[in-house]
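Structure, as structure tokens:
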Amino acid sequence: MSDTTPKKKRILPKILLVILLIICCLAGFIFFNASKNMKQMKKTVDSGMEVISSYADVKPVDAGEYSQIKMKGIMKFNVSQYDVENLGNLSVMTVNMGFMQMVSYVITPFDKNMPLLSMDFMYILGNRKAYAEFYDLVSDKDSEEYKAVLEKIKAFENKYSDLADLETSPAWYDDLMTTALHKSGKASDDSRIDEMFNDAIRCYMETANSLETMSDGEKTEKLEITQKYCDGLVEKGGVSTDVFKKELGEETTKDFFNKVFFGTAAYK
């Protein structure tokens, strides 16, 4: 026994050292990728803001207490809000979780008969997930004007068939989402994914600028439909909504959605 015990004592520090070295390498790998992805995400967001600003006057709105939302003590969601002239509300939310970086970009129209545009772009180490979804929050989906809007948006949809499709789980709001791109890629596809982000905004703004501003009665009706959708997200749930509800509670999540994320409160 006395001959083997010292050997065991010598082996244990070596094992701990190897484990520590592996942890350090893993942390360095995650940090390296996070740094690269944050730069790419910032580039994408900045270019998107340039595109939307080329079509309309975009004014920052103070998001107040929701400018930074902390979850689990380590996750920090940085939120920016804007008023897009003659259109509606824009919210931009970014988060860095180390292994994953994400930007959510939502245009909620109140002045034009346009669908709501919701985009989520995720950077997961060397992998990418890109979602661009158009929600039909309008009173008449079968009007000739709105059919023309959807036709222009669907033309954008067909341009990115080269990117792999992502499968999504069924949700209660699927019937409202008549046009959607759910794509995946690698870091090597960043320029193509960046193009998709900006192209979605460009297509959206070009279409919106071709429409007349709605009447007060039409605006009221559209606001009611949009509010019903926002309330439905909180009550019935959604992938990201459930995360906010769990951490912030239902009432705070609803307040955040109404004041900032979709901005319905400012149009009542």
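In this chain, numbering begins with 1 at the start of the sequence shown.
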Taking all atoms of both residues into account, what is the closest heavy-atom pair of [X] and [Y], and its distance?
X	Y	result
Met205	Ala56	CE-CB, 3.9 Å
Lys183	Leu163	NZ-O, 3.2 Å
Ile201	Met119	CG1-CE, 3.7 Å
Lys159	Arg192	O-NH2, 2.7 Å
Met71	Phe77	SD-CE1, 3.6 Å
Asn258	Cys230	OD1-CB, 4.4 Å

Checking the side chain of [X] only, and the main-chain atoms of [Y] only, is there a donor and an acceptor separated by less than 3.5 Å?
X	Y	value
Glu218	Ser215	yes
Asn78	Gln68	no
Asn89	Val260	yes
Asn37	Leu125	yes
Ser47	Thr44	yes
Lys254	Val234	no
Asp189	Lys186	yes
Tyr82	Val92	no
Trp172	Gly238	no
Lys76	Lys70	no

pair [X]-[Y]: side-chain heavy atoms closer than 4.5 Å:
X	Y	value
Thr108	Thr226	yes
Thr253	Glu247	no
Lys152	Ser210	yes
Leu211	Met114	yes

About how many Å separate [atom2] of [Y] and [atom1] of [X], when rounded to the nearest 0.5 Å?
X	Y	atom1	atom2	value
Ile225	Thr220	CD1	OG1	11.0 Å
Arg128	Leu166	CZ	CG	13.5 Å
Glu85	Leu87	CD	CG	10.0 Å
Lys147	Asp142	NZ	CG	5.5 Å
Glu195	Asp190	CD	CG	12.5 Å
Thr178	Leu150	OG1	CG	5.0 Å

Ring-plane angle category for [X] and [Y], please: parallel below 30°, perpendicular beyond 60°, tilted otherwise.
X	Y	answer
Tyr135	Tyr173	perpendicular
Tyr229	Phe262	perpendicular
Phe156	Phe134	perpendicular

In this structure, are over 12 heavy atoms from other groups packed under 6.0 Å from [X] atom [atom1]?
X	atom1	answer
Lys154	NZ	yes
Lys141	NZ	yes
Asp46	CG	yes
Lys129	NZ	no

Could you work out, with salt bridge (charged side-chain N to carboxylate O under 4.0 Å, His left out) as the rule, every residue matching Asp255, not counting sequence neighbours?
Lys259
For Gln40 and Tyr123: C-alpha separation, side-chain torsions, deciding distance, then whether side chain to side chain donor-acceptor pair (under 3.5 Å) applies.
CA-CA 9 Å; Gln40 178 59 40; Tyr123 305 78; 5.1 Å; no
Connected via hydrophobic side-chain network under 4.5 Å: Phe261 and Tyr66:
yes
Would you check if the distance from the ring center of Phe197 to the ring center of Tyr105 is below 6.0 Å?
yes
